[in-house]
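First the structure, in the form of structure tokens, and then the observations on it.
Numbers here simply count residues along the sequence, with the first being 1. Computed from heavy atoms alone, side chains included, the values below leave out hydrogens, waters and symmetry copies.
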Amino acid sequence: MGKITALALTAALLTACSSGPPGGARTPDPLPTTGPATGATTPAARTGAASPGRPRELVRGLDVPWGVAFLPGGDALVTERNSSRLLRITPQGRVTDVGGVPGVRPGGEGGLMGVAVSPAFDRDRLVYVYFTAAADNRVMRFRYEDKIGPLREVVTGIPKGANHNGGRIAFGPDGMLYVATGEVYRTELAQDRNSLGGKILRVTPEGGPAPGNPFGNRVWTWGHRNVQGLAWDEAKRLYATEFGQDRFDEINLIEKGRNYGWPKVEGVGEDGDFANPLLTWTTDEASPSGLAYAGGSLWAAGLRGERLWQVPVKDGRAGRPIAHHTEEYGRLRTAVRAPDGSLWVTTSNRDGRGSPRRGDDRILVFPLR
């Protein structure tokens, strides 16, 4: 697996964050990528990656929009973390309040978070949500007939806390449901393969361990701190964003059964038992939450970094990251590719850590050209 070392990426960031024309950082030359075995440098990934046009504001006045998942036909289901509401939003910006999800207990970084639409929605009408309940974080599902039907358990018993609740869910190309969880500041959970905390889980649509899982349980990968972004490329490779603690945020190439090192390693390490990140940022430049793949690049929404990061990728290797719209829209929470090929990005300025602006929170739509 190719990776960009922390030292090399720091140099990249100095270039990518330099002043440039309004609306985006200038595109720097590609970085070398370090080979995993020898440490020798090889040419970085070169792609014909798309660049984002100026966004249009789709919706404003939302309350911490967290998850976005598209229905057949192009409308999106959007969760609000603090209000527990599920919204239906059209590509033209019409908003319908579907209702509050029962059992959600918002608090700290917890609340109503991820949402996923069944790959067989035309037949089964199933929608999945990840939320903080009274005693745990959990994944539930319901039949959606323009309203929220009775909830059914999919995965329960995920550790909950004031922070690091994970929360992203997505169906993979294999039809299985992937669930990103946090270690809720109980760092030992990340290295416990029997715990659901600090993991990426892979489960059947009913919630059982998916066939082919490496340990015979729901765990797909372990050693994570707090994963909030999942995305697949056209070759079905899975990538995930991860929050660092004091030094390095990460994007990881996710591979079956691998241990990603937390809390023993933050960023790039030298222990061969742990998978090194594909790339890292310093924590003040990213705090990456949502992740999308579109137009030959990964797109990571930066919270503390208040920018949209573009990472060209090819064959599972990363080119030099490019920062767009730094501090222009505040904290960015979610990035997701829409059926029409555009990128939907949500702001998160009302989450208790941002500085709300007039109209926050909002959904922005970026055309990719």
Side-chain angles (χ1 to χ4, degrees), residues 64-69 79 81-82 84 101 104-116 128-133 135-141 153-172 176-203 207 217-231 238-245 249-252 254 258-263 266 277 286-291 300-301 303-304 333-336 346 348 351 353:
V64 193
W66 209 101
V68 179
T79 60
R81 191 186 73 184
N82 291 351
S84 306
V101 175
V104 180
R105 297 291 184 271
E109 293 179 356
L112 180 60
M113 292 177 281
V115 59
Y128 294 69
V129 287
Y130 182 117
F131 63 82
T132 308
D136 61 3
N137 285 303
R138 51 181 51 198
V139 180
M140 307 287 279
R141 73 181 188 183
E153 293 181 357
V154 178
V155 180
T156 61
I158 301 169
K160 65 170 282 189
N163 301 306
H164 293 190
N165 289 287
R168 197 69 60 183
I169 58 176
F171 279 95
M176 298 296 111
L177 182 67
Y178 290 74
V179 181
T181 75
E183 36 77 302
V184 296
Y185 274 121
R186 294 167 56 193
T187 57
E188 72 279 2
L189 299 182
Q191 290 295 318
D192 180 356
R193 290 202 312 231
N194 294 314
S195 169
L196 299 181
K199 307 293 188 298
I200 295 176
L201 311 178
R202 178 175 175 264
V203 301
N217 57 12
R218 294 181 171 111
V219 173
W220 186 245
T221 57
W222 52 313
H224 296 290
R225 186 169 184 259
N226 189 28
V227 172
Q228 287 190 0
L230 300 170
L238 174 59
Y239 304 87
T241 54
E242 183 152 354
F243 294 98
Q245 178 168 287
D249 296 321
E250 303 174 356
I251 289 182
N252 287 292
I254 299 300
R258 297 299 304 273
N259 184 338
Y260 287 80
W262 180 255
E266 181 180 358
S287 294
S289 181
L291 186 68
L303 288 166
R304 185 178 174 190
R333 171 71 64 180
T334 292
V336 60
T346 72
S348 194
D351 63 6
R353 293 185 174 177

**Request:** Run the numbers on E183 and N226 for side chain to side chain contact (heavy atoms under 4.5 Å, CB included), then give the verdict.
**Result:** CA-CA 6 Å; E183 36 77 302; N226 189 28; 5.8 Å; no

**Prompt:** Does the side chain of L238 come within less than 4.5 Å of Y178's, by heavy atoms?
**Reply:** yes

**Item:** Residues which pass salt bridge (Lys or Arg N to Asp or Glu O under 4.0 Å) with R333, listed by chain and number, not counting sequence neighbours
**Value:** D351

**Message:** Could you check whether E109 pairs with R353 (Lys NZ or Arg NE/NH1/NH2 to Asp/Glu carboxylate O, under 4.0 Å)?
**Reply:** yes

**Message:** If I take atom CG from residue N137 and atom NE2 from residue H164, how far apart are they, to the nearest 0.5 angstrom?
**Reply:** 13.0 Å

**Prompt:** Taking the six-membered ring for Trp, are Y128 and F171 parallel (under 30°), tilted (30 to 60°) or perpendicular (over 60°)?
**Reply:** perpendicular

**Message:** Parallel, tilted or perpendicular, judged at 30° and 60°: which one describes the rings of Y260 and H224?
**Reply:** parallel

**Request:** Answer yes or no: is there a side-chain heavy-atom contact under 4.5 Å between V115 and V68?
**Result:** no

**Prompt:** Taking T181 for the side chain and K199 for the main chain, is one N or O donor matched with an acceptor at less than 3.5 Å?
**Reply:** yes

**Request:** Step by step, work out the side-chain hydrogen bond (donor to acceptor under 3.5 Å, both in side chains) result for T334 and R168.
**Result:** CA-CA 10 Å; T334 292; R168 197 69 60 183; 3.2 Å; yes

**Prompt:** Hey, are the side chains of K160 and F131 touching, using non-hydrogen atoms and a 4.5 Å cut-off?
**Reply:** no

**Prompt:** Q228 side chain to G167 main-chain N or O, any donor-acceptor pair under 3.5 Å?
**Reply:** no

**Prompt:** Do E250 side-chain atoms and N252 backbone N/O form a donor-acceptor pair below 3.5 Å?
**Reply:** no

**Request:** Grab the two heavy atoms, one from A240 and one from V227, that are nearest each other, plus how far apart they are.
**Result:** CB-CG1, 4.0 Å

**Message:** Do D136 and T156 pair up side chain to side chain, a donor and an acceptor below 3.5 Å, judged on atom types alone?
**Reply:** no

**Prompt:** What residues, two or more places apart in sequence or in another chain, satisfy ring-ring contact (aromatic ring centres under 6.0 Å, His included) together with Y130?
**Reply:** none

**Item:** D249 side, atom CG; E266 side, atom CD - distance, nearest 0.5 Å
**Value:** 8.0 Å

**Prompt:** What's the spacing between M176 CE and R202 CZ if we round to 0.5 Å?
**Reply:** 6.0 Å

**Item:** I169 and L177, any side-chain heavy atoms less than 4.5 Å apart
**Value:** yes

**Item:** Main-chain N/O of M113 paired to T79 side chain as donor or acceptor, under 3.5 Å
**Value:** yes

**Asked** Testing L196, N194, V184 for side-chain contact (heavy atoms from CB on, under 4.5 Å) with L189, which one passes?
**Response** V184

**Message:** Whether the side chain of N82 engages the backbone of G110 through a donor-acceptor N/O pair (distance < 3.5 Å, no angle test) should be reported.
**Reply:** no

**Message:** How close do V64 and S348 get, counting heavy atoms only, and between which atoms?
**Reply:** CG1-OG, 3.8 Å

**Message:** I'd like to check L112 versus V129 (side-chain heavy atoms, cut-off strictly below 4.5 Å). Are they in contact?
**Reply:** yes

**Request:** List for me each residue that meets side chain to side chain donor-acceptor pair (under 3.5 Å) alongside E188, sequence neighbours excluded, and say none if there are none.
**Result:** none

**Message:** Side chains of I158 and V179, heavy atoms from C-beta outward: is any pair under 4.5 Å?
**Reply:** yes

**Prompt:** Just by distance, do the side chain of T241 and the backbone of G229 share a donor-acceptor pair under 3.5 Å?
**Reply:** yes

**Prompt:** Under 3.5 Å, is there a donor-acceptor pair between the side chain of R81 and the main chain of G111?
**Reply:** no

**Asked** Do T221 and N259 come within less than 4.5 Å of each other through their side chains, counting heavy atoms only?
**Response** no

